[in-house]
Every structure is written in structure tokens, then in C-alpha cells.
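Working notes for the structure below.
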Amino acid sequence: MNKAVIDLRSDTVTKPSPAMLEAMVRAEVGDDVLDGDPTTHLLEERTAEILGCEAALFFPSGTQANQTAIKLITRPATELIAEAHAHILHYEKTAAAAISGVQIRGVDTSDGILTADLIDDAIREPSPHLPRTSAVSIENTHNAAGGRVMPPATMAEIKKLADQRSLPLHLDGARLWNAAVSLDMEPSQLARHGTTVMVSFSKGLGCPVGSCLAGGKDLIEEAWHVRKLLGGGMRQSGFLAAACLYALDTNFAQIRDDHAHAKLFAQFFNNHPNVRVQEPETNIVMLDLAVHDSVEAVESLAQRGVLVVPFGKTRLRVVTHLNVSAKDVEWAAGIVAEVLN
């Protein structure tokens, strides 16, 4: 990476490596909308196997996959329960309302971790005046909470409650790969609780495009029709799927380095007079500023060659990824510490 600019805005800014590009160029492709693309089918089968699900479907974006899941597991004029700062509530426009006619009820938490007790309290009692709850969505890792990992026991308790209440459970696992690495668990051990599970390949795995929605065979067959409705059918999608297959084989192992780099970055601010750092659990570092405006700080840092994003008026988000090395992270952290001093 060009040392003049270190881009830590997101793990979506990565560029394909020469080896990934080679895999894409050599991909066997077909027309996935007409009669199928062999490489895309291979990715879908591989993803379903990794997640322990019956089937999976390739999507151009995680947002479209999430919204497809919501349409599949909810009913119009009902309520979906999610954590108050969930991605589906804040960063997917008002898609749940516009596409599925569903209201999202955000539940406040102290740390971004939704629990069974909080969900149980949020489920409205039967009433002719109140919306009915039709589903629950959880996010792992939780982006806005700083890449926080939901404990497996918490997920199991939520699943138990959802079953007791006959509520489908969607898992927004855009960074589920990071959660699995952090917990030293197989992705299937985390995905098994979801009625539907979304995973992204364009974040920690470094692919240019792509997500999958996984679940039961009948649900995923219906998801194909919803994806078509939303304009998500892609023709020679195998070129993109090949990048995802390469990433599963090669880049998954590097996620552990991303986590180590995030901890390295955070160490620069443990005793900083103007910054409170949230200890990262994965590859996201949140910096809370005591005396700086986040937008002004972002502009000043960009002038020094470090790109981060504002995450509120006094918070910066930093994301490590496979295109930045330990030396890149040290250099960038030093610049950020100096500017915020």
C-alpha cells in the first residue's frame, strides 16, 4: 500500500491481489439468471457447507441479502426486533419498511449486545392497538458497537426464546468471519442459530463484491425470487464468485492478523489525554474524542495521509484489513495520536 495514504475507513476498501485477479480471470462462467453459473453455484454450495446450512444464494450486496431475509421471515404491518444501533436500522435506508412493510423496533443496550431478556421485554403483548412482532434480527460482529462479538451463550439464549415465541431469527453476519476467528470457533457454530444467515465477502475477506444468504432449502429457493424482484440477478457472476472462493481458501487465515493490528493501533491511545479508546475485539477500533470535533479531525488526518471515518460528533472509527501491514498501522496510529494531541 502507498505509504503516503493509509486507508483505514473500512475493510471494504481493499483491492484484489494479483492471485485473486488471476482466479477471477480463469473462472468458468455461465448465465446465472438463465441456467446457472457453475462457479457461483460452487460458491453457494461451499458457503452453505461452511455455515452448516442446507443452501445459500449469492448476492451483490449484504444489504440486499439482509432485506431479502427480512421479506422472507416477516409479514407486512408487523415489527422486527433488532438492537438500537443495528446496521439494518441505520445503514440500509428504510428498506425494511419500503420493501417489506415492516417496522424495526430498536432495543437499547449498553454495549451493542442484544440479549434474550431484552428481546422478551420488547415483544409486545397481544393487543388490537399494538404491532405484532414477527421476527428478530441479531448482528455479529456489531459494527456500530466497535466490532463487538456476541457471546455464543447469548446467541443460544436468543435462539431458545425465538423458538419459544415461534419467531424466526435472522443473523446479520457481515463480519461473522471475524467473530468466528475471535472466538476460535467454526462459522457453523455461530450460524446454526439463524433461520437465515447473511455473510459478506467484501469486508474481512477482501473481495471486491459479494455476499451470501444461507438457510433452509425452501427459504433459499424463495430468496431467488425475492432477489429477482430486487434486481439482484447477475449474469456471469462467476467472475465475482471466484474471488470469494479464493478468499475463503487464502484470506480467511489473515483475519487474525487484522485483529492483532487493531489491538496494536489501540495501544497508542491507552494513555492519550484527548482520546478514550474502546479495546477492540476484532478489526474495528473506536476512538472517542474529548476535545475534537470528529469531522474536523477526519479532515486534518486526511491532510496527513491517514483516512478514517467520523462515527458521530466525537467518535472516529478505524478498521484494519488485509491491505495494511503492522508498519502501516503503527505509522497511522502515530499520526492520529499526534494530530489529536
(request) Might you point out which heavy atoms bring A243 and P208 nearest each other, and give the distance in Å? (result) CB-CD, 4.0 Å

(request) Check the surroundings of atom CD in E221: do more than 12 heavy atoms from other residues, nucleotides or ligands lie under 6.0 Å from it? (result) yes

(request) Kindly compute the distance separating CZ (R304) from CD1 (I335), expressed to the nearest 0.5 Å. (result) 4.0 Å

(request) Look up atom CG in L43 and atom CZ in F201, then write down how far apart they are to the nearest 0.5 Å. (result) 4.5 Å

(request) Taking D328 for its side chain and S325 for its backbone only, find out whether a donor-acceptor pair lies under 3.5 Å. (result) yes

(message) With side-chain contact (heavy atoms from CB on, under 4.5 Å) as the test, pick out the partner of D11 among L205, I284, V319.
(response) V319

(message) Is there a side chain to side chain donor-acceptor pair (under 3.5 Å) between S237 and T40? Walk through the geometry before answering.
(response) CA-CA 6 Å; S237 54; T40 298; 2.7 Å; yes

(message) Within this structure, what is the OG-CG distance for the pair S100 and L80, rounded to the nearest 0.5 Å?
(response) 9.5 Å

(request) State plainly whether one hydrophobic cluster holds both V197 and I73, where clusters connect Ile, Leu, Val, Met, Phe, Trp and Tyr through side-chain heavy atoms under 4.5 angstrom apart. (result) no

(request) Using atom types as modelled and distance alone, determine if a side-chain donor or acceptor of E79 lies under 3.5 Å from a backbone N or O of R132. (result) no

(message) Heavy-atom count check: over 12 atoms from other residues, nucleotides or ligands less than 6.0 Å from R165 CZ?
(response) yes

(message) Would you say that more than 12 heavy atoms from the other residues, nucleotides or ligands in this model lie under 6.0 Å from the CG of N270, or not?
(response) yes

(message) A side-chain contact here means heavy atoms from C-beta on lying under 4.5 Å apart; do H193 and P152 qualify?
(response) no

(request) Kindly say whether R9 contributes a backbone atom to a donor-acceptor pair with the side chain of R317 at under 3.5 angstrom? (result) yes

(request) Identify the heavy atoms of A223 and L72 that sit nearest to each other, and give their distance. (result) CB-CD1, 3.7 Å

(request) Report yes if the side chains of R235 and D32 come closer than 4.5 Å at any heavy-atom pair, otherwise no. (result) no

(request) Consider only side-chain heavy atoms of I, L, V, M, F, W and Y, link residues closer than 4.5 Å, and tell whether V107 and L89 are in one cluster. (result) no

(request) Find out whether I123 and L167 are in side-chain contact, i.e. whether some heavy atom of one side chain is under 4.5 Å from a heavy atom of the other. (result) yes

(request) Flag yes if more than 12 heavy atoms outside R124 fall under 6.0 Å of its CZ atom; otherwise flag no. (result) yes

(request) Evaluate the side-chain proximity of L340 to L289: yes if any heavy-atom separation is below 4.5 Å, no if none is. (result) yes

(message) If you apply the rule side-chain contact (heavy atoms from CB on, under 4.5 Å), what do you find for L51 with L176, and how did you get there?
(response) CA-CA 10 Å; L51 298 179; L176 191 69; 4.1 Å; yes

(request) Tell me yes or no: between the side chains of N178 and H259, is some donor less than 3.5 Å from an acceptor? (result) yes

(request) Identify which one of V306, L316, V309, D293 satisfies the side-chain contact (heavy atoms from CB on, under 4.5 Å) criterion when paired with V298. (result) L316

(request) List the atom of P151, the atom of I113, and the distance in Å for their closest heavy-atom pair. (result) CD-CG2, 4.2 Å

(message) Is the ring pair H90/H85 parallel, tilted or perpendicular, if the boundaries are 30 and 60 degrees?
(response) parallel

(message) How close do R256 and V181 get, counting heavy atoms only, and between which atoms?
(response) NH1-O, 3.7 Å

(message) Just verifying a value: how many Å separate R315 CZ and R276 CZ, rounded to the nearest 0.5 Å?
(response) 7.0 Å

(message) Test side chain to side chain donor-acceptor pair (under 3.5 Å) on S182 and E281; report intermediate values, then the result.
(response) CA-CA 7 Å; S182 177; E281 294 183 3; 5.5 Å; no

(request) Check whether V29 and Y246 end up in the same hydrophobic cluster, where Ile, Leu, Val, Met, Phe, Trp and Tyr are linked by side-chain heavy atoms less than 4.5 Å apart. (result) no

(request) May I have the step-by-step check of side-chain contact (heavy atoms from CB on, under 4.5 Å) for Q278 and D288, ending in yes or no? (result) CA-CA 8 Å; Q278 177 179 302; D288 291 312; 5.5 Å; no

(request) Check whether any side-chain N or O of K313 sits under 3.5 Å from a backbone N or O of S294 as a donor-acceptor pair, and report yes or no. (result) no

(message) Quick test of your reading: applying side chain to side chain donor-acceptor pair (under 3.5 Å), list the pairs with at least one residue in residues 41-65, sequence neighbours left out, ordered by first then second residue.
(response) R46-D249

(message) Could you report the tightest heavy-atom contact between A116 and L161, atom names first, then the distance?
(response) O-CD2, 3.1 Å

(message) Between N66 (side chain only) and D172 (backbone N and O only), is there a donor and an acceptor less than 3.5 Å apart?
(response) no

(message) Strictly distance-based, threshold 3.5 Å: is any side-chain N or O of T195 a donor or acceptor partner for the main-chain N or O of H170?
(response) no

(request) Find the distance between CZ (F268) and CD (E330) and round it off to the nearest 0.5 Å. (result) 5.0 Å

(message) In the structure I gave you, are the side-chain heavy atoms of K203 and S10 within less than 4.5 Å of one another anywhere?
(response) no

(request) List the atom of A27, the atom of A242, and the distance in Å for their closest heavy-atom pair. (result) CB-CB, 3.6 Å

(request) Mark yes or no for whether T39, through its side chain, and G238, through its backbone, hold a donor-acceptor pair below 3.5 Å. (result) no

(message) Looking at D258, is its backbone amide N or carbonyl O close enough to the side chain of T320 to form a donor-acceptor pair, meaning the two atoms are under 3.5 Å apart?
(response) yes

(request) For a side-chain contact (heavy atoms from CB on, under 4.5 Å) with W177, tell me which candidate from N251, L190, T282, I50 qualifies. (result) I50

(request) Report the C-alpha separation of M155 and K159 in whole Å, then their side-chain angles, then the decisive distance to 0.1 Å, and conclude whether the side-chain contact (heavy atoms from CB on, under 4.5 Å) test is met. (result) CA-CA 6 Å; M155 293 184 69; K159 172 61 174 172; over 6 Å; no

(message) In this structure, would L8 and V275 fall into the same cluster of hydrophobic residues linked by side-chain contacts under 4.5 Å?
(response) yes

(message) Do I99 and I88 land in one hydrophobic cluster if side-chain heavy atoms of ILVMFWY residues count as linked below 4.5 Å?
(response) no

(message) Any heavy-atom pair between the side chains of F311 and N143 that's under 4.5 Å?
(response) yes

(message) Using side-chain heavy atoms (C-beta onward) and a distance below 4.5 Å, is M150 in contact with I158?
(response) yes

(message) Is any side-chain heavy atom of I255 closer than 4.5 Å to one of N283?
(response) no

(request) Might you work through the side-chain contact (heavy atoms from CB on, under 4.5 Å) test for M198 and F59, ending with a clear yes or no? (result) CA-CA 10 Å; M198 188 278 284; F59 281 78; over 6 Å; no

(request) Could you grab the distance from atom CD of E139 to atom CZ of R175, nearest 0.5 Å is fine? (result) 8.5 Å

(request) Inspect the surroundings of CD in E28 and state if more than 12 heavy atoms from other residues, nucleotides or ligands are less than 6.0 Å away. (result) no

